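Written below as C-alpha cells is the structure these notes are about.
The sequence lines fix the lettering, A, B, ..., with proteins before strands; numbering per chain opens at 1. Please read these numbers as outputs of a predicted model, since none were measured by experiment.
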Amino acid sequence: MKYDPQAIEAKWQKHWTECGTFRTREDSDKQGYYCLEMFPYPSGNIHMGHVRNYSIGDVVARFKRMQGLNVLHPMGWDAFGLPAENAAIKNNTHPAKWTYANIDAMRAQLQRLGYSYDWEREVATCDPEYYRWEQLFFLRFLEKGLMYRKKAAQNWCPECNTVLANEQVIDGLCWRCDSKVEQKELTQWFARITDYADELLADLDTLQDGWPERVLSMQRNWIGKSIGAEIQFPLEGPDGKALDERITVFTTRQDTVFGASFMSLAPEHPLMERLIAGKEQEAAVRAFAEKTRNMDSTLRGSDAMEKEGVFTGAYCLNPFTGKRIPIWAANFVVADYGTGAVMGVPSHDARDFDFAAKYDLPVVMVIKPEGMDAIPAKMDAVSLEPGVMVNSGEFDGLSNEEGKIRIVEWLEKNGYGKRTVNWRLRDWNISRQRYWGAPIPVIYCDTCGMVPEKEENLPVRLPLDIKTRADGRSPLPDAPEFYECVCPQCGGKGRRETDTMDTFVESSWYFLRYADARNDKEPFAKAPVKKWLPANQYIGGVEHAILHLLYSRFFVKALRDCGFVDLDEPFANLLTQGMVLMDGAKMSKSKGNTVDPTEMIARYGADTVRLFCLFAAPPERDFDWTESGIEGSFRFINRVWRLAEELLGKVPAMRAASSTAADAATATARELRLKEHATIKKASADIAQKFQFNTAIAAVMELVNAMYLAKDELLADEGGQRVLASAFASTLTLLSPVIPHLCEELWQLSGMTSELVDEAWPAYRDDALVRDQVTVVVQVNGKLRGKIDVAADATREAIEKEALAEANVVKHLEGLTVRKVVVIPGKLVNVVAS
RNA sequence: GCGAGAGUGGCGGAAUUGGUAGACGCACCAGACUUAGGAUCUGGCGGCAUAGCCUUGGGGGUUCGAGUCCCCCCUCUCGCACCA
C-alpha cells in the first residue's frame, strides 16, 4: 500500500475536529501548561516562517500533553492594521471583508497542518467583542494617569499617513514601508510606559533563566538606564555675577565636573534664543541651528556627521569654582535626551576631546589614572581610565568612584543639582491616524473638554459601512455618523476622537483573553488567568524582541495596577525561532525566493513539511530551505511507512507492550532493545531540556536504521518479534508530536485501540540500558591507538592490563617507559609514556 | 564605541558538558535488486605525502587528555549608539 499523506491527514484532522481532541478542559485536575505562539497577522497566506513557528509550538504542546499535562494551546488573529486598509483600497473592497476572508483562508491552512489548537478560544482583535475590553482598559488607564494626551513633535510616516512609536522607527525609516520618517507637531495619546521603566528593567532579572540573553539585552538597551547627576550651571550676568537662571546638564561623570571647559547645548534648546538675543553671534547661531534642523535625521545620528559647534557669546559659571565657561551650540547634542545640554569635559570624554581640539578649548586633567606619577601639563589624548581626582579642590585625592558620590552630596547640599537616573525609553504613542483600528473611547466637548466615554457605552464600534479613502487617510474625521455624539458629561454636542489605537495595543493582552476567550461580562475572569498565566512557553520571531514583548510586559504590569490581573510578567519562557531562508536570504516576495507551504503540503503532506522544519536546524537558528532537504524528510517518512508494512504482515505481536529482557534472548535482540531505550532517553532529554527537536529526530532515525538492519534476523522468532514490535511502537510514540498523522495511522493499523495523542510519553528502563560488554578506547599520550572490549563490570586493573596488551598499543609503547595510566571505566584508557 | 550571539567536512548540523571530533540528514561514490531507476536496500564518504600524519577561525596556555576551560587576536550576524 502506498503512503498517501493527503488521505491519512484528512482522516485524522477530521477525527480530531469531530472529537474535540484538543479542546482544553477547565475542569481537569491535571497540572496546566500554557503553550503560546505569537498570533499571525491575517495577510491571507501562511508562509514558511509561520509553519516553523507553529510546528515548534505544536510539538511542545503535544509533548506536554503526552507528559500528562493539561495543555492550553490557542490561536487567534492580530487583525487590525494598515495592510488591510491598503489592500482594501487597492482591491476596492472593505478592510473588514478582506480581513475576515483572510482569517478563514489562514485558519484552513493551519488546520491543514494538523496543529493541536483549541479553536474554541480563537480571537480576532478586530472583533468588537475583543476590542471593547481594550477600550475599557484605556478608560481605566486614563483614570490612573497611565494614558495621557500631549502635543509634541512626533514620528510621521508620510506613506502610511500616520504617526509611529519610537520603537517603530528603524534607522529613521518606517518599520513597515521603509519610508523616511518625518517630524510633525501633533497632539497624541500616550501610554505612560516610562512609569514602569524601573520595573521593566528590574524584572528582566526574573526572566534570566527563561528568556534568551539576546532579547534581555536588547530590552535593557532599549530601556537605557543611566545613573548620574543633574548639575546646574548658573548663567553669567552682564556684571560677571551669577544669574538666577541656570543651565541644567545630565552627566554620568559628575566626578569630572572640575574639568568642564565648555558647555554645549542642542541648537533647539529652549534657552538658546535668550542667550543669543542681541549678541553679535546671533546670526551665526541661528544659521547653525537652521542647518542642523534641516539635516537628514538618519545622517544626524550617524558617525559620518561632522561634530560642529558655534560659540553663542554667552557664558555660564561652574558651580564648584565660579569659573567662566563658554556656552556653545553643538550639533551632536540631542534635544530630547537628558536635558539637551552637556558639560564639555575634554580631558575625559572622547567626543569632547575632539571638539576641544577643533575649537581650541582648554583640556585639564581632573582624574589621574592609577599608576601615573605627575599630572601632565598638556594632555595629548583623552583619558577614560579610573583614577584619583586632581585639580578638583576639596575633592582632590578621592577615587573617582567615591568622588561621584561626594560630588552629588555637594550638589544636593548646595542646591546645584541632584543624583538622577536618565532613561532612553520614551512614552508609547498609541494614536494612529488610520481607520482600521480600535477607536479610542473619548469625546471632545466644547464645554467639558476631553471626556471619557461611559463604560456602559462600550464598545465604541468602528463603523463598517464606511468607505476608505483612496489617499490612505482615515475616513473617520469626515464621517459625522461616527464622530457626532452626545457629551457623556453635559449632554451637549460632542465630537468623538477619530484616531484609532496602535495595533500593538491589541497584541499586548491577547494572551490573557485566551484564558477566558468567550467571557462576555468582563475581559477575563481572574481564576482562569491565575490558572494559565504566565504562559509556560512563548514562541515567536526575534523581530518582536523589543516592540511586542516590551509593550506586553508593560501592559500586564499596568493591568495589574488597575486590578485586572495578579501578574507581574506575561511569559515565563521565551523561544525565539530563527528565520527560514532560501539561498541564504530571508524568504520574501520581492526577492522571489519564497516557498509556498500550501504547495509543499500538496506535494508531500503536512507531516513531511513539519518534519523538515523541525529537523533542519535547532529551533532558534536560521535555516536554509532546500528542495533536497524536504525530499530527505519525505524519504524518512516513507521508510517508516515501509517498515510498518513489513512488520504488520509478519509480526503477530504488534499489539504487545514493551518488550522484556526475556524476549531479547539473542545479541541482536538485546542490542535493538537497548537502542530502543537509549533512544527514548535521548529524545526525551533533547525535547524536554532544550527543545532540540533536530537531535531528537536524528536519534529516532538511528533507531529506525537499526530496526532495518535487525529485522530479518529478529522476525525469525517470537521473542525477536516482540522486541521489534516494542521498538516500533516506541518509534511511533516518539515521533507522534512531530508527524502526528502518520504515527496515528500506523498506530491504528498496528491494531491499537487507543489513540496516540492520549498515550503517555514513553519512559526508558534503566535495566535495558545495561551492557555486559563495553568498548573502551585506548590512547597513548592522548592519541587513539586501539579499542578493547571488556566486561562492563571489569575492574580498573583488569581494564589497564587488557589495554596495555592491545597489539597496536604495544607497538606504540616500544622504547618508551609507561609513566602513568589513566583509566575511565566504560570510556577510555590513556597511557602516558615517554 | 557598547552589548549579545556565532565561527566544526562539499552543505544543514552532532558531540553524554574535559574523554573515540564529524551522530543524523543532504550531496556524492560503489554494489545489490531490476526491462528500467531520479524507486528501494546494503556499504563507502574530513584532508594528505595513508603502518602514519594533519584537522573544530588564528596564536598561546592549563591538563594524562581541549571543539569544550583560561589569555590574546581575527572574521561574521544581530541589537543599541555623537546617550552626555
Check your understanding: Given the P atoms of B:A27 and B:C74, what is the spacing between them in whole Å?
Key -> 40 Å
Any side-chain donor paired with an acceptor under 3.5 Å for A:D427 and A:T194?
yes
A:L784 has its side chain closest, among B:A14, B:C83, B:U20, to B:U20
Review point. A:D354 near the nucleic acid: base, sugar-phosphate alone, or nothing, with a heavy-atom cut-off under 4.0 Å?
Key: nothing
At under 4.0 Å between heavy atoms, what does A:V832 touch on the DNA or RNA strands: base, sugar-phosphate, or nothing? sugar-phosphate
Can you find a donor-acceptor N/O pair under 3.5 angstrom joining the side chain of A:N221 to the base of B:C80? no
To the nearest angstrom, the CD-P distance between A:Q692 and B:G12 comes to 17 Å
Closest to the side chain of A:R639, out of B:G52, B:G19, B:C41, is B:C41
### Query
Taking only side-chain nitrogens and oxygens of A:R351, does any of them come within less than 4.0 Å of OP1 or OP2 of B:G1?
no
Considering only heavy side-chain atoms of A:K690, the closest of B:U17, B:G43, B:C24 is B:U17
The nucleotide from B:G43, B:C83, B:A23 with an atom nearest the side chain of A:T695 is B:A23
Between B:C83 and B:G79, how many Å separate the two C1' atoms, rounded to a whole number? 15 Å
Item to check | Gap in Å between the two P atoms, one belonging to B:G7 and one to B:U68, rounded | outcome: 11 Å
Requested in this report: Just call it for A:H348: base, sugar-phosphate, or nothing, with non-hydrogen atoms closer than 4.0 Å on any strand.
Outcome: nothing
*Using the benzene-type ring in the case of Trp, are the ring centres of A:F355 and A:F332 under 6.0 Å apart?*
yes
Sorted by position of nearest nucleotide on RNA chain B, 5' first, the leading residue of A:F250 and A:V169 is A:V169
| Using atom P of each nucleotide, how far apart are B:G5 and B:C69 to the nearest Å? | 13 Å
>> Base, sugar-phosphate or nothing for A:N422? Non-hydrogen atoms, less than 4.0 Å.
In response: nothing
query = Between B:G57 and B:G10, how far is it from one P atom to the other, in whole Å?
reply = 13 Å
Given the options A:F311, A:W328, A:F262, A:Y359 meets ring-ring contact (aromatic ring centres under 6.0 Å, His included) only with A:W328
Looking only at side-chain N and O atoms, does A:R635 come under 4.0 Å of OP1 or OP2 in B:A27? yes
Whether the side chain of A:N318 engages the backbone of A:V257 through a donor-acceptor N/O pair (distance < 3.5 Å, no angle test) should be reported. yes
Any side-chain donor near an acceptor of the partner, A:R610 and A:S55, under 3.5 Å:
no
Check your understanding: How far does the P atom of B:C73 sit from the matching atom of B:C29, given to the nearest Å?
Key -> 46 Å
| C1' atom, B:A49 versus B:A66: distance in rounded Å? | 28 Å
- prompt: Should the pair A:F250 and A:Y337 be assigned to parallel (<30°), tilted (30 to 60°) or perpendicular (>60°) ring geometry?
  reply: perpendicular
Exercise. Does any N or O donor sit under 3.5 Å from an N or O acceptor when you compare the side chain of A:K787 with the base of B:U20?
Worked result: yes
Taking distance alone, no hydrogens or angles, what donor-acceptor pairs closer than 3.5 Å link side-chain atoms of residues 641-649 of chain A to residues at least two apart or in another chain?
| residue | atom | partner | partner atom | Å |
| --- | --- | --- | --- | --- |
| A:W641 | NE1 | A:M1 | O | 3.0 |
| A:E645 | OE2 | A:M1 | N | 2.7 |
| A:E646 | OE2 | A:K711 | NZ | 3.3 |

The residue, A:K682 or A:N808, whose nearest nucleotide of RNA chain B is more 5′ is A:K682
When rounded to whole Å, the CZ to C1' distance for the pair A:F634 and B:U40 reads 14 Å
Check every strand shown and say whether A:P618 touches a base, only sugar-phosphate, or nothing at a heavy-atom separation below 4.0 Å.
-> sugar-phosphate
Item to complete: Using a heavy-atom cut-off of under 4.0 Å over every strand shown, decide if A:N694 touches base, sugar-phosphate, or nothing.
Response: sugar-phosphate
Here the distance between atom C1' of B:U20 and atom CG of A:L828, to the nearest Å, is 8 Å
Which whole number of Å gives the distance between the P atom of B:C26 and that of B:U34? 25 Å
From NE2 of A:H677 across to C1' of B:U16 the rounded distance in Å is 19 Å
Rounded to whole Å, CZ of A:F615 lies from C1' of B:A23 at a distance of 10 Å
A:E631 near the nucleic acid: base, sugar-phosphate alone, or nothing, with a heavy-atom cut-off under 4.0 Å? nothing
Task: Side-chain N,O (A:N705) to OP1/OP2 (B:U42) below 4.0 Å - done: no
Between NZ of A:K783 and P of B:G65 the distance, given in whole Å, is 11 Å
Have a look at A:D624 and say if it touches a base, only the backbone sugar-phosphate, or nothing, with a 4.0 Å heavy-atom cut-off. nothing
According to a strict under-4.0 Å criterion, is A:R253 in side-chain N/O contact with OP1 or OP2 of B:C83?
no
